[in-house]
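Okay, structure first, notes after.
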Amino acid sequence: MCLAVLGGCAWAPGLENTNGYAQAPARDFQLAARADGEYFASDIADVADVGTGQFVSAGDPLEVFNRFMFAINDTLDIFVLKPIAVTYRRWTPDLFQEAVSNFVTNLSEPVTFANALFQGDWEHAETTGSRFLVNSAIGFGLFDPATGLGLEHRNEDFGQTLAVHGVPSGPYLVLPLLGPSTFRDAGGRGVDFFLDPFNYLARVNDKDTLALTRTGAEAVSFRAANIDTLDEVRRDSIDYYSRIRSLWRQQRERQIRNDVGGVGPEFSGAEPSTDPRQVSVR
């Protein structure tokens with residue numbers, strides 16, 4: 001329910017709001033935009049038709065189910081996760097929050113390493129393996145000296161691996177608690193679960209509570225880092241569900257392309273628009 005946060009938002013002329021948003025502080029969640037600072041027309045079409053302002057489905061055949069699940073997730077976020085995240089951010093030191101973020105990121109590196117190998121990205125696999133060794137041995141899993149050594153973090157998962165090898169995404173799907181996904185990415189989550197050595201050790205040692213604790217720490221850490229961004233998106237969206245769907249799709253495409261380029265043909269179905277009404281990032 002909290003993995004839909006993405007930085008940045010803008011509106012087409014003729015719609016009510018023309019506000020821009022700050023990007024989310026989380027490293028892996030930034031809105032995919034063109035190099036010249038413009039969104040693709042598909043981003044606006046995903047929310048409303050530019051000319052008429054009418055809502056459109058934008059390739060969402062399961063929209064009735066998805067909106068129902070989105071409402072449940074959003075309710076849990078409002079009444080459970082957000083209050084916890086606000087308390088966590090307000091009453092814990094910044095150093096502690098950074099350590100938690102570094103810890104959960106470091107635990108995810110083995111899965112990223114495996115998927116980099118599956119994708120044939122040997123350079124990134126080497127970087128990820130080095131990051132894990134450095135941060136575990138020197139940073140004790142709580143600090144991130146690897147980034148200072150030029151070993152940048154970049155998440156990879158099995159959904160991205162499938163996309164690299166040409167597997168289509170399938171319909172957009174909102175998962176209980178987990179939020180936006182597709183059929184391809186939902187299956188990828190299951191593979192990543194079994195690829196993760198932490199989950200394996202927790203299972204064989206009958207320590208399922210450790211896996212649940214880790215998941216909770218990831219959710220609270222991420223939600224706390226993106227409180228302001230989600231509040232702005234919610235406040236200024238014409239249709240919160242459609243806006244989250246659009247932003248998530250852009251971000252997912254950006255992850256698959258490793259931050260190269262913007263929204264690709266899988267999502268947009270067209271080249272960037274030259275329409276003068278094209279929205280620019282402010």
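Of the N and O atoms on the side chains of Q97 and T92, at least one donor lies less than 3.5 Å from an acceptor on the other residue. If you check the side chains of R254 and Q251, you find no donor sitting under 3.5 Å from an acceptor. When only modelled atom types and interatomic distance are considered, S136 and N106 share a side-chain donor-acceptor pair under 3.5 Å.
Residues that satisfy the salt bridge (charged side-chain N to carboxylate O under 4.0 Å, His left out) test with D121, not counting sequence neighbours, are R154. For the side-chain hydrogen bond (donor to acceptor under 3.5 Å, both in side chains) test, no residue two or more places apart in sequence or in another chain qualifies with T75. For F143, there are no ring pair (Phe, Tyr, Trp, His ring centres under 6.0 Å) partners two or more places apart in sequence or in a different chain. Checked against side-chain hydrogen bond (donor to acceptor under 3.5 Å, both in side chains), N135 has the following partners two or more places apart in sequence or in another chain: D144. Under the side-chain hydrogen bond (donor to acceptor under 3.5 Å, both in side chains) criterion, T161 pairs with N115, Q119, not counting sequence neighbours. Legend: residues meeting ring pair (Phe, Tyr, Trp, His ring centres under 6.0 Å) with Y241, ordered by chain and number and at least two apart, are F70.
Atom CZ of R189 is separated from atom CG of L178 by 4.5 Å, given to the nearest 0.5 angstrom. Taking CD of E156 as the reference point, atom CZ of F118 lies at 12.0 Å (rounded to 0.5 Å). In this structure, the separation between CG on D60 and OG on S246 is 12.0 Å, given to the nearest 0.5 Å. Rounding to the nearest 0.5 angstrom, the gap separating the OG atom in S181 from the CG atom in L175 is 4.5 Å. The structure places OG of S108 at 13.5 Å from CZ of F113, a figure rounded to the nearest 0.5 Å. Interatomic distance, OG of S242 versus CG of L247, reported as 10.5 Å (0.5 Å rounding).
F140 and L107 fall into different hydrophobic clusters, where Ile, Leu, Val, Met, Phe, Trp and Tyr side chains are chained together by heavy-atom contacts under 4.5 Å. Residues F103 and V220 fall into different hydrophobic clusters, defined by Ile, Leu, Val, Met, Phe, Trp and Tyr side chains chained together at heavy-atom separations under 4.5 Å. If you chain together hydrophobic residues whose side chains sit under 4.5 Å apart, L210 and V100 never meet in one group. By the criterion of side-chain heavy atoms lying less than 4.5 angstrom apart, applied directly or through intervening Ile, Leu, Val, Met, Phe, Trp or Tyr residues, V86 is not grouped with V80; the two fall into different hydrophobic clusters.
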When you look at R243 and D236, which way does the salt bridge (charged side-chain N to carboxylate O under 4.0 Å, His left out) test go after all the steps? CA-CA 10 Å; R243 193 60 193 152; D236 294 329; over 6 Å; no
Could you go step by step and tell me if K207 and L201 meet the side-chain contact (heavy atoms from CB on, under 4.5 Å) rule? CA-CA 8 Å; K207 299 293 185 181; L201 292 174; over 6 Å; no
Apply the test side-chain contact (heavy atoms from CB on, under 4.5 Å) to residues V134 and L149: give CA-CA distance (whole Å), side-chain angles for both, the deciding distance (0.1 Å), then the verdict. CA-CA 9 Å; V134 170; L149 297 175; 4.1 Å; yes
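Of all non-hydrogen atoms in S101 and V104, the two that sit nearest each other are O-CG2, 3.3 Å. Nearest heavy-atom pair across Y172 and L62 is O-CD1, 4.0 Å. The two residues L117 and A125 have their closest heavy-atom pair at CD2-CB, 3.6 Å. The two atoms that bring Y88 and A224 nearest to each other are CD2-CB, 3.7 Å, heavy atoms only. Nearest heavy-atom pair across N73 and V174 is ND2-CG1, 3.7 Å. Across all non-hydrogen atoms, the minimal contact from D185 to G159 is OD1-CA, 3.4 Å.
A donor-acceptor contact shorter than 3.5 Å links the side chain of T128 to the backbone of H124. Counting only distance, with no hydrogens or angles, the side chain of D196 and the backbone of D192 share no donor-acceptor pair below 3.5 Å. With H153 contributing its side chain and A146 its backbone, the two residues share no donor-acceptor pair below 3.5 Å. Although no hydrogens or angles enter the test, the distance criterion places a donor-acceptor pair under 3.5 Å between the side chain of D157 and the main chain of Q160. Listed for the T182 side chain is no donor-acceptor partner under 3.5 Å among the backbone atoms of P171. With hydrogens and angles ignored, the 3.5 Å screen pairs no side-chain donor or acceptor of R234 with any backbone N or O of Y240.
Considering only heavy atoms from C-beta on, F65 comes within 4.5 Å of L173 through its side chain. Within the 4.5 Å cutoff, the side chain of I244 has heavy atoms near those of the P180 side chain.
With respect to the salt-bridge test (charged N to carboxylate O, under 4.0 angstrom), the residues D239 and R245 do not qualify.
Results of the side chain to side chain donor-acceptor pair (under 3.5 Å) test with Q255 over R257, E253, R252 single out R252 as the only residue that passes.
Listed by first then second residue, pairs satisfying salt bridge (charged side-chain N to carboxylate O under 4.0 Å, His left out) with a partner in residues 161-178 number zero, not counting sequence neighbours. A salt bridge (charged side-chain N to carboxylate O under 4.0 Å, His left out) check over residues 104-114, counting only residues at least two apart or in different chains, returns the pairs E109-R131. Sorted by first then second residue, the salt bridge (charged side-chain N to carboxylate O under 4.0 Å, His left out) pairs that include residues 159-182, not counting sequence neighbours, number zero. Applying the salt bridge (charged side-chain N to carboxylate O under 4.0 Å, His left out) test to residues at least two apart or on different chains, the pairs with a partner in residues 82-101 are K82-D231, R89-D228.
Other residues, nucleotides and ligands contribute over 12 non-hydrogen atoms within 6.0 Å of the CZ atom of F193. Residue F68 qualifies as open at atom CZ: its count of foreign heavy atoms under 6.0 Å is 12 or below.
Grouping Ile, Leu, Val, Met, Phe, Trp and Tyr by side-chain contacts under 4.5 Å, direct or through others, leaves L212 on its own. When hydrophobic residues (I, L, V, M, F, W, Y) are linked wherever their side-chain heavy atoms come within less than 4.5 Å, V164 remains an isolated member.
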